[in-house]
Amino acid sequence: MLNKILTGAVAAAMKDLYDQEVLEENVQVQRTRKEFDGDLTVVVFPYSKMARKAPRQIGEEIGAYLKDKLEEVEDFNVIKGFLNISFRLAYWLEFLRQALNTKDYGRQAKKDKDAPVVIEFSSPNTNKPLHLGHIRNNLLGWSVAEILEASGREVKRVNLVNDRGIHICKTMLAWQKWGNGITPSKAEKKGDKFVGDYYVQFEKQNKLEVKQKMLEGYSEEEAGRQSDLMKEARGMLKKWELGDEDTRELWEKMNAWVYKGFDKTYKRMGIRFDKIYFESETYLLGKEIVTQGLQEGILFKKDDGSIWADLSDEGLDEKLLIRADGTSVYMTQDLGTAQLRYDNFKPGKLLYVVGNEQNYHFDVLKIVLKKLGKAYADDIFHISYGMVELPHGKMKSREGTVVDADDLMEEMHASAKAITSVLGKIDEFSQEEAEELFEKIGMGALKYFILKVDPKKNMLFNPDESIQFDGNTGPFIQYAHARIQSLQSKALEKGYKKPYLTKKSVLQDILPRERQILKQLQEFPEIIRQSAETYSPAQLANYIYELVKDYNGFYQDTPVLKEEDEQKLLFRLGLSEMTGKVIRTGMALLGIEVPDRM
RNA sequence: GGUCACGUAGCUCAGUUGGAUAGAGCAACGGCCUUCUAAGCCGUCGGUCGCAGGUUCGAAUCCUGCCGUGAUCACCA
């Protein structure tokens with residue numbers, strides 16, 4: 001809001017002083033650096049040529065103009081081409097007073113007329129438990145959805161479960177052969193883990209068989225195709241596609257086990273979906289779309305009967321859409337789900353949170369949809385994120401170096417417990433309260449650790465070091481919030497009443513540190529808007545950290561409750577309360593809970 | 001080989017979309033608990049922003065070319 005006043009006034013100044021048209025949105029305003037006097041800085045270098053004067057002189061002239069026209073402006077100074085402007089204390093007090101009275105500071109009201117944003121994330125396979133890679137996906141998707149909502153969009157969270165295909169059949173076959181009718185509850189195992197083990201077992205047995213075949217003289221490729229287990233699995237897939245009753249029944253039973261396990265993991269992670277799509281329900285629609293595209297002459301058929309899209313005019317290759325045997329591929333299914341999603345929600349935007357190894361896939365998806373005349377192709381955005389790497393290298397399931405999602409969360413909980421207990425902070429907590437706290441801290445550490453990194457970058461996850469509580473971490477921010485809450489309740493005990501600031505408040509001065517915090521608080525709504533635009537919770541996370549760091553310095557330096565000057569004391573209590581509010585809102589957008597005490 | 005990302009302190013990461021003397025944390029070292037929670041604060045040490053050109057008042061940021069890392073280029077999903 002202050003920005004806007006300033007940019008408008010600068011544009012007016014350029015017109016009045018130099019008769020030059022400058023667009024308001026081109027006026028560069030930034031927060032004044034700590035080393036200099038001032039609150040906001042206007043960059044006047046660009047006007048040097050237009051006005052044919054030295055930057056310094058222009059700065060002086062515009063500064064004088066602003067001081068004259070805007071009552072909020074108290075003073076200004078010019079350094080090189082930077083015009084630093086200070087605002088009156090009254091302005092800052094009014095800002096703080098208003099912010100304190102605003103419900104949900106920073107969140108925008110929902111704009112009903114906008115079409116919803118559909119965001120897909122998670123997208124698990126039903127033959128494997130969730131791992132660290134999924135965690136980054138889930139947290140990113142969830143947080144982006146929250147941020148979009150806070151910026152005023154209606155959001156639909158959607159999951160696409162890959163519940164069919166050869167890998168599922170492998171798992172079913174393995175259970176049939178070696179499972180002896182045992183169930184997860186009998187085995188006392190989480191459903192997804194239970195089923196995942198059979199997939200692993202299949203791969204193991206199949207590998208042995210392939211090795212055997214190779215000894216008998218088959219080539220590796222041939223051996224892979226000729227293995228009896230694979231043949232059986234393919235047979236099962238065919239039976240599944242034909243709707244064979246026994247196969248379908250087994251399939252449903254085993255998938256139900258998996259979903260029960262997934263639900264637990266999602267719940268602990270704190271995420272949910274508005275709608276879950278299953279590939280088994282959407283792949284046929286994809287085929288229809290392709291068939292229709294063929295009839296309309298947009299796609300073409302090769303001699304073997306396979307159907308393709310020619311993308312050469314886009315500088316790409318040809319893309320297979322339906323195999324010669326009539327079965328569908330990954331792309332076919334995604335065409336179907338996109339269409340279905342569009343029909344379901346008529347969204348303004350379709351977001352896909354999917355790893356960057358699929359960048360090419362989504363380029364192609366957009367192009368093919370466009371070719372097929374789907375206008376919504378332009379509304380598809382791929383939120384691409386980088387891999388999570390481990391100190392020893394990539395995660396590889398074959399080498400047993402995957403980090404299981406449930407195990408990791410449990411570890412985080414245990415670490416939180418260990419560290420908290422050593423510090424002796426929970427003496428007054430009941431058993432349940434303590435457990436709840438460990439969970440909030442453990443999850444906070446994990447979520448913040450993942451989300452603070454720019455999504456598009458690959459990131460390193462060191463299991464030993466990830467559970468940190470100092471520095472740029474979730475627990476550090478949680479702790480700061482707990483202290484603010486403690487300060488607030490102490491103030492109430494001493495008889496100070498909220499709201500701390502009344503209209504009559506008159507202050508002589510505030511410290512530079514307090515001013516710095518005010519400036520940051522003021523930026524919060526803009527930070528939400530920006531994070532929503534770039535789909536990056538990382539910006540938000542780093543903003544909160546910076547705020548907390550500055551707040552901590554201020555907190556340590558100025559013993560609030562000992563303050564003699566009541567005006568000052570109330571101001572500081574108000575500032576603390578506001579900081580707490582912003583931390584709470586910001587962390588909520590990252591999916592992180594903040595305890596009131598810890 | 002083609003395409004696309006990424007490369008910032010010993011390590012993990014920021015850098016508000018081209019602005020001021022490039023910032024944090026971890027690690028190392030030195031201070032600060034009779035005060036609202038020391039999971040904290042203050043300070044010291046640490047940089048040729050991969051390299052070389054270019055664009056301009058001004059480049060970690062934009063352009064070009066190299067070097068390095070990763071992903072992808074499947075009738076896998």
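Naming convention: chains lettered A, B, ... in sequence-line order (proteins, then strands); numbering from 1 in each chain.
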Mind checking K425(A) for me? I need base, sugar-phosphate or nothing, with any heavy atom below 4.0 Å counting as a touch. base
Check every strand shown and say whether P46(A) touches a base, only sugar-phosphate, or nothing at a heavy-atom separation below 4.0 Å. base
Just checking I441(A): base, sugar-phosphate only, or nothing, at a heavy-atom cut-off of under 4.0 Å? base
Heavy atoms under 4.0 Å, any strand shown: does G553(A) hit a base, just sugar-phosphate, or nothing? sugar-phosphate
Identify whether any heavy atom of L561(A) sits under 4.0 Å from a base atom; if not, whether one sits that close to sugar-phosphate; answer base, sugar-phosphate or nothing. base
NA contact type, S489(A), heavy-atom cut-off 4.0 Å: base, sugar-phosphate, or nothing? nothing
Sugar-phosphate, base or nothing in reach of N84(A), heavy atoms under 4.0 Å: base
Base, sugar-phosphate, or nothing for R31(A), non-hydrogen atoms under 4.0 angstrom? nothing
Applying a 4.0 Å non-hydrogen cut-off, can you work out what Q488(A) is touching in the nucleic acid: base, sugar-phosphate, or nothing? nothing
Please work out if A491(A) contacts a base, only the sugar-phosphate, or nothing of the nucleic acid, heavy-atom cut-off 4.0 Å. nothing
Taking E514(A) first and then K568(A), would you say they form a salt bridge - that is, a charged N and a carboxylate O separated by under 4.0 Å? no
Between the side-chain atoms of T41(A) and the base atoms of rA20(B), is any donor-acceptor pair under 3.5 Å? yes
Quick one: the side chain of D470(A) and the base of rA38(B), do they pair up donor-acceptor inside 3.5 Å? no
Select base, sugar-phosphate, or nothing to describe what K490(A) touches, counting heavy atoms under 4.0 Å on all strands. sugar-phosphate
At under 4.0 Å between heavy atoms, what does T420(A) touch on the DNA or RNA strands: base, sugar-phosphate, or nothing? base
For F476(A) and rA39(B), is the gap between ring centres under 5.5 Å while the planes differ by less than 30°? no
pi-stack flag for F45(A) and rG58(B), centroid dist under 5.5 Å, interplanar under 30°: no
Would you say whether F82(A) stacks on rA20(B)? The test is a distance between ring centres of less than 5.5 Å and an angle between planes of less than 30°. yes
Base, sugar-phosphate alone, or nothing: which one does P559(A) contact when heavy atoms must sit under 4.0 Å apart? base
Ion pair K519(A)/E526(A), N-O distance below 4.0 Å: no
If you take atom types as modelled and just measure distance, does the side chain of D325(A) reach the base of rC75(B) with a donor-acceptor pair under 3.5 Å? no
Using a strict 4.0 Å threshold on nitrogen-to-oxygen distance, state whether E203(A) and K207(A) make a salt bridge. no
Check ion pair K4(A)-E24(A) (N to O, under 4.0 angstrom): no
Report the residue (M331(A) or D317(A)) whose heavy-atom-nearest nucleotide on RNA chain B is the more 5′ of the two. D317(A)
Does the distance from a Lys or Arg side-chain N to an Asp or Glu carboxylate O, for K440(A) and E436(A), drop under 4.0 Å? yes
What's S48(A) touching, base or sugar-phosphate or nothing? Going by heavy atoms closer than 4.0 Å. nothing
